[in-house]
Visitor: 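Please read through the structure below; I'll follow up with questions.
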Number of protein chains: 2
Amino acid sequence: MSLSHGLYEAFLAVARAGSFTAAAHALGYTQSAVSRQVQSLEDEMGAELFERLPRGVRLTEAGRVLLPHAEAVRDRLAAARAELASLRTLDGGLLRLGAFSSATASLVPRAQAAFRERHPGVVVTRVEGPSVKHLGLVAAGEEDLAVVGPTPAAPPPPGVTLHHLLDEPMLVALAQGHRHAGRRAVRLAELADEEWITGHERLEDTLFRPAVAAGFRPRTGLLAHDWIAKLGAVAADLGITLVPALAAASVRPDVALVTIHPDDVPYRRICAAAPSTPTVAATAFLGVLRETAEALIPPTHP
Amino acid sequence: MSLSHGLYEAFLAVARAGSFTAAAHALGYTQSAVSRQVQSLEDEMGAELFERLPRGVRLTEAGRVLLPHAEAVRDRLAAARAELASLRTLDGGLLRLGAFSSATASLVPRAQAAFRERHPGVVVTRVEGPSVKHLGLVAAGEEDLAVVGPTPAAPPPPGVTLHHLLDEPMLVALAQGHRHAGRRAVRLAELADEEWITGHERLEDTLFRPAVAAGFRPRTGLLAHDWIAKLGAVAADLGITLVPALAAASVRPDVALVTIHPDDVPYRRICAAAPSTPTVAATAFLGVLRETAEALIPPTHP
DNA sequence: TGACTGCCATGTCTCTCTCGCATGGTCTGT
DNA sequence: ACAGACCATGCGAGAGAGACATGGCAGTCA
């Protein structure tokens, strides 16, 4: 049951050439080698594949039956080779991408567009979800790359390495008529009396986590889970809320955004999570992500 | 480029088991053997197929790409094996059958029906034509079996063996009102004054060949190439003609048939022409042909 | 923290398999 | 009858595949 693939190669060559000698010449083998290979295949199949004639050979019925199968196998193997090669050269393949929701507002779509421009053959699938989930998926090999924000579990899971992309400033969203609207920057202390709209009951789970750790205790009455609801409340001047810079582009026009000082609410560190041995496509996409991130928010480390 | 097929077997087993060790156990190999096989395939493909983890292995993207191809190849080879096996057991396959035209009146269709009854999986294709042509086709391997009558070229071509099926009596076709109609047998001498309808200009090319060689010189005015025309003329009492017994069943009812003495127009020797190394299906069909021939015209050798 | 366990890689040996060379047999065409 | 073409086969050298044993690495449990 060794059944080397060369047997089929020899079979096809002989079927094509109509003679062992000619096939051997075409394959760069000796006639005796081809004769033995065909014999091996015949033993393996339990049937004579060629009728030996004084002038060359001719396919038997078994040979005629086997021929299309052998051709199909040869073609399929060639297709597999070609597909693997196109994988190496980024002419094809699949990139399974993950990202947390506010990264999909501008960063990931832009990177995706740039990547598609350069490597149109690679299919990119994107899944949204919380960063922790993506870290797990990358570790499990079910995602090739993920854009993640900071997670409570500081060290990434084994087999996953984080590549820093950008430090995202935080903005404060205010109603257009708000007294701070129109300012370029604001300190958190100036907003201590505002009504804050948060995403979770526990402030530690929100973007406030660093500020809370520093002793900031805002008035939090309103709870809204999605951006639409949050910004709707802001527009109605029911309160104010934090907005990550990456989501700024998708904010409704009747809401004003004001930069908040990084000492009060620090930059959010956005990373790409890749397996320790990333895919060729993942590496390429990581490069595009870096460029896009730099174009969006230039690194202005204080 | 040896690329034994076992490589794919190992690859599939590992992909299925998720571990080299488990796959080796399933295949009855050692872990080291599977490790080397996978490595060979990876070298061959120029890509890592598995990601080595502390707990087993996991498919890389290249592995995921290769997997369906490998499965397809395995299935295709299995299909080829199955088809070849079914060929041996007459559960499938193709029988290319040839026959001269008057054999297709009753002998060949009956045999075909009996064969289909026993081996419904075998597809039988039938081609009509003159016997000499079929001998050539069988010799060329383009037909698996042929039913032929006597041919001018006495010895069959090399690689073709003739198997005697039956000796076919010759009949005389007469108009219903003919003076000889209704008789059981007739001698050629009694028909010397009749107008004979022949198929060819040269009498030597017709069923008369033996009689002509014996000195018989009939009046031949009418020439008709096909049976419809011949028997039409006979029915109109324009003349009489010879009809081989195998075609008797398909003669129109307003024509009478009378046996002619074998000393005058000898039995026509009907044979099956098979290659020296016939197909399983051809051998089986030959047996059915023998039975059918015996049932149609029992061998009454004088 | 240290021993243990499970898993894969690899060095080495052996045995089989394969290929090339040369020869022999068979059929064809001159 | 002889030369030519073609396939089968005996023989020897070389490569390849598998088994065995070992080593390295990571996770697990006491």
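Excluded from the calculations below are hydrogen atoms, water molecules and symmetry mates; all remaining heavy atoms, backbone and side chain alike, are included. Quick note on labels: first sequence line is chain A, next is B, and so on, each numbered from 1.
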Visitor: Once you round it to whole Å, what is the distance between C1' of C:dA9 and CD of B:Glu48?
Guide: 12 Å

Visitor: Please check: side-chain N/O of B:Ser19 versus main-chain N/O of B:Gly56, any donor-acceptor pairing under 3.5 Å?
Guide: no

Visitor: Can you measure A:Phe50 atom CZ to D:dA8 atom P for me and round it to whole angstrom units?
Guide: 11 Å

Visitor: Indicate whether OP1 or OP2 belonging to C:dT10 is found under 4.0 Å from a side-chain N or O atom of B:Gln39.
Guide: yes

Visitor: Apply salt bridge (charged side-chain N to carboxylate O under 4.0 Å, His left out) to residues B:Arg52 and B:Glu42 and explain how you reach the verdict.
Guide: CA-CA 13 Å; B:Arg52 271 72 166 180; B:Glu42 285 175 333; 2.8 Å; yes

Visitor: What's touching nucleotides 21-25 of chain C from the protein side, N or O pairs under 3.5 Å?
Guide:
{"residue": "C:dC21", "atom": "N4", "partner": "A:Ser32", "partner atom": "OG", "Å": "3.1"}

Visitor: Would one find a side-chain N or O of A:Arg52 under 4.0 angstrom from OP1 or OP2 of D:dC6?
Guide: no

Visitor: Within residues 11-20 of chain A, which residues have any heavy atom lying less than 4.0 Å from an atom of DNA chain C?
Guide: none

Visitor: For the residue pair B:Ile270 and B:Gly149, what are the closest heavy atoms and their distance?
Guide: CD1-CA, 4.1 Å

Visitor: In Å, rounded to the nearest 0.5 Å, how long is the span from NE2 of B:His25 to OG1 of B:Thr30?
Guide: 11.0 Å

Visitor: Just the rounded figure in Å: distance from P of D:dC7 to CG of A:Leu49.
Guide: 15 Å

Visitor: So, is A:Ser35 close to the D:dA8 phosphate, meaning a side-chain N or O under 4.0 Å from OP1 or OP2?
Guide: yes

Visitor: Tell me whether the OP1 or OP2 atom of D:dG18 has a side-chain N or O from B:Gln37 closer than 4.0 Å.
Guide: yes

Visitor: Measure the distance from CG on A:Leu27 to C1' on C:dC19 and round it to the nearest whole Å.
Guide: 13 Å

Visitor: For the pair made of CG in A:Leu7 and P in C:dC17, what is the distance, rounded to whole Å?
Guide: 13 Å

Visitor: Separation of B:Asp43 atom CG from C:dA9 atom C1', in whole Å?
Guide: 13 Å

Visitor: B:Ser40 or A:Pro158: which one's nearest nucleotide on DNA chain D is closer to the 5' end?
Guide: B:Ser40

Visitor: Assign each of A:Arg55 and B:Thr21 to its nearest nucleotide of DNA chain C by heavy atoms, then name whichever residue's nucleotide is nearer the 5' end.
Guide: B:Thr21

Visitor: Give a yes or no on this: more than 12 heavy atoms of other residues, nucleotides or ligands lie within 6.0 Å of atom CZ of A:Arg16.
Guide: no

Visitor: What is the separation between atom CG on B:Leu41 and atom P on C:dA9, rounded to the nearest whole Å?
Guide: 13 Å

Visitor: Once rounded to the nearest 0.5 Å, what's the spacing between atom CG of B:Leu95 and atom OG1 of B:Thr279?
Guide: 7.0 Å

Visitor: Please report, rounded to the nearest Å, how far the C1' atom of C:dC7 is from the CG atom of B:Leu53.
Guide: 10 Å

Visitor: If you compare all heavy atoms of A:Thr125 against all heavy atoms of A:Arg96, which two are closest, and at what distance to 0.1 Å?
Guide: OG1-CA, 3.5 Å

Visitor: Excluding sequence neighbours, so at least two apart, what forms side chain to side chain donor-acceptor pair (under 3.5 Å) with A:Glu142?
Guide: none

Visitor: Between B:Arg268 and B:Ser102, do the side chains contain an N or O donor and an N or O acceptor separated by less than 3.5 Å?
Guide: yes

